[in-house]
Amino acid sequence: MIVNFLTYLRERPALLKWSFLAYLAFAIIFDFYADRHHAHFWGDHLVGYWAVFGLLGCLGMIVFCKGLSHVWLERDKDHYDK
Amino acid sequence: MTSSIFMHPATMFIIGALLLPLAKKCKVQKVWLVLVPLVAFIQIQYLPESFGKVEWLGFELQFGRVDKLTMVFLHVFTLMALIGSIFGLHVKESGQHVAAWLYVAGSLGTTLAGDYLTVFIFWELMAFASVFLIWYRKRKRSIEAGYRYLLVHTFGGLVLLGGIFLRYQNIGDLTFELISVDHATLADYLIMIGFMLNAAVPPIHAWLPDAYPEATVTGAVFMCAFTTKTAVYVLARGFAGFETLAIMGAIMTLYGVAYAVIENDARRILAYHIVSQVGYMVCAVGIGTEMAINGASAHAYAHILYKALLFMGIGSVLEMTGRSKLSELGGLYKYMPYTMIFTVIGGIAISGFPLTSGFISKSMIIAAAGNNHQIVILSMLLLAAVGTFLSVGIKLPYFVFFGPNDSGLTPDEAPWNMQLAMGMAAFMCIFLGFYPDYLYDMLPYAVAYHPYTSYHLTETFHLLGFTGLGFYIMVKYLKPHDVSNLDLDWFYRRGAGWFMWVANKPISSTNEWVSNVYQNIGLRLTMALARALSWFDWEGIDWALDGSARGVVKGGEQVRQFQTGKLQHYIGAAVALLFIVLIVVVLV
């Protein structure tokens, strides 16, 4: 049953995409109504601060780590056996 | 006194391990494997505050010291021993179970120890028992990785022992209590480094991602739970409030997660991710406030369960398909749907989704950093949370169970015992998310923290949602490749290689050259020199001493000619001499 459901979803990427975007929209709207009473620093007071942090952090991390791997760290899997 | 040793949960696991072959003989190995951890899990509730005090060679050893900090770790360790043993029920080799239980015993013994000598004894038991969990995989790579693991831990143990000796020399006291930052000496820092090695704090972390992916399927489930979390316990016990730990911990969270983003082997991703997660705990220990120590304990509890769940999920895939590389997997959700669900639960729990254990534990540490106004550390921890969701929350399940391409594998679902163990861990992940007070009531200090505030929820929705968006945009760049990445183990893996090369090539050939030179030139020179000296002795020194030696030789030669060897000649000569003497005496 789960398998059929997941296969059903996989065959409909547009549906997944739109429900995901709907979730993001919900998250942003929710942010306007959040109680910022316990804010730790200035970033906590900005609406959408953590959304930007999350997106840029994620993109930055992928670019930085993958880049570093390609230019420096990457070796054959039996590198140490040679 | 004797009875108090028997109530020690470590004793239970040691005796349980020793009797395991017997249980196998009686065909009750599976019953025994569930019974012993279950009894231990119940029995720890009834431990007295202090027990097992022994005088030994003038040292006061304490095998049992129980307070709330100990209890929360004991609770999760024994629970994990139960889950891990159920996960490994199908393994017939008793040796693996014996090694796992001795390892658990080491961990429990360290947690309960009240003095540094006891800590050290159980610390070493942990290292030596766990290496067998790697060797039992029986592949060449595992044997090699096991030796490296053992060498690194022996080194760490020696640093720890050095610290303990120095401490004893300095203050003559080995009780294991909180050390104040202001009075910490070299001895205390050596002990701290010994502990940090087991907590896999960079730059002494590389043993972990090197060894854990090479362990057996069950072995890795045990290993991911005990070594690092025992280290977190001893750091929290002895070194709470050391600023260094807060900084190192924050660096750890990012270091581990960066490698988790680029690695290809699923178990290596999880291993690197342990470094990241333990970083949160080390950081909290370094912050050192009551809330932070609570956070470290809560996170250790939650982390053991979801990380073990992830190792079990990926372990099941490895067991059923023989593969653990993302580049060789994909599309497995059709064949292993339950394993997939459990792994995804582990993934969302580790990412800190609301209503999972990660949400209620990780946020405590982040809030502790925020309350302490350490904003840089707070940002680093949240960036690591982004990386966590990216690497373990999305990338790992996506490429194993779904993925852009189908691997073509059609494995069976994992055996019932593996699913049961995963189900138990998954239940705990969700249960703690719904009912955090179950965990909060166990923590060392009273908890005034509420995870489900609207602000904390919105922060989490944003971080996770927009990380997901980032993954969606970049997914084609994250496609795994079958490569390995350099890490700081390079220094001792290449270093050892260079040492062997230097030993083989330059030193060996220099040795050969020197011995050739010696044979061809040296020996002749020596002989010539000997002859010269002999001549000098004969001609030079003798001549200088008035030829006396030569005179003696000549005299001897002449005396020799007088001696005929006939007895009557000697008697005749003696009588003649006597007459001469008499004549001289009488006449004079």
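Here is how names work: the chains are called A, B, and so on, in the same order as the sequence lines, proteins then strands, and each is numbered from 1.
Chain B forms the most heavy-atom pairs under 4.5 Å with one residue out of A:E74, A:M61, A:R36, A:R10, and that residue is A:R10. Of the listed residues (B:L382, B:T453, B:I473), the greatest number of heavy-atom pairs within a distance under 4.5 Å of chain A belongs to B:L382. Across A:V63, A:D44, A:D76, the residue that shares the most heavy-atom pairs under 4.5 angstrom with chain B is A:D44. Contact count versus chain A (heavy atoms, under 4.5 Å) is highest, among B:E144, B:R141, B:M340, for B:R141. Considering only heavy-atom pairs separated by less than 4.5 Å from chain B, the leading option among A:L68, A:D78, A:L6 is A:L6. Taking chain B as the reference chain and counting heavy-atom pairs below 4.5 Å, the highest number among A:L59, A:I62, A:N4 is found for A:I62. Counting heavy-atom pairs closer than 4.5 Å to chain A, the top-ranked of the candidates B:F402, B:Y472, B:Y338, B:F471 is B:F402.
When atom types are taken as modelled, the side chain of B:K395 and the backbone of B:V261 share a donor-acceptor pair closer than 3.5 angstrom. Side-chain atoms of B:T467 come within 3.5 Å of backbone atoms of B:L463 as a donor-acceptor pair (strictly under, hydrogens ignored). In this structure a side-chain-to-backbone donor-acceptor pair under 3.5 Å is missing from A:D35 to B:S454.
Only the side chain of A:Y23 comes within less than 4.5 Å of a heavy atom in chain B; its backbone stays farther off. Contact annotation for B:K325: only side-chain heavy atoms (C-beta onward) come within less than 4.5 Å of a heavy atom of chain A. Proximity to chain A is limited to the side chain of B:Y259, based on heavy atoms less than 4.5 angstrom apart. The contact between B:L478 and chain A is made by backbone and side chain atoms together, counting heavy-atom distances below 4.5 Å. Proximity to chain A is limited to the side chain of B:L378, based on heavy atoms less than 4.5 angstrom apart. Residue contact with chain A, scored on non-hydrogen atoms closer than 4.5 Å, is absent for B:F389. Heavy-atom distances place the backbone of B:D487, and not its side chain, under 4.5 Å from chain A.
The ring pair (Phe, Tyr, Trp, His ring centres under 6.0 Å) pairs that include a residue from residues 59-79 of chain A number zero, where partners must be two or more places apart or lie in different chains.
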side-chain hydrogen bond (donor to acceptor under 3.5 Å, both in side chains) assessment of B:D482 paired with B:S327: CA-CA 6 Å; B:D482 192 13; B:S327 52; 4.6 Å; no
For A:S69 and B:N485: C-alpha separation, side-chain torsions, deciding distance, then whether side-chain hydrogen bond (donor to acceptor under 3.5 Å, both in side chains) applies. CA-CA 7 Å; A:S69 171; B:N485 287 287; 2.9 Å; yes
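To the nearest 0.5 Å, atoms CG (B:L469) and SG (A:C58) are separated by 8.5 Å. Considering SG of A:C65 and CD of B:E263, their distance stands at 11.5 Å, rounded to 0.5 Å.
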Can you give the donor-acceptor pairs under 3.5 Å from side chains of residues 364-373 of chain B to other protein atoms, not counting sequence neighbours?
unit_1: B:N372; atom_1: ND2; unit_2: B:Q374; atom_2: OE1; d: 3.3

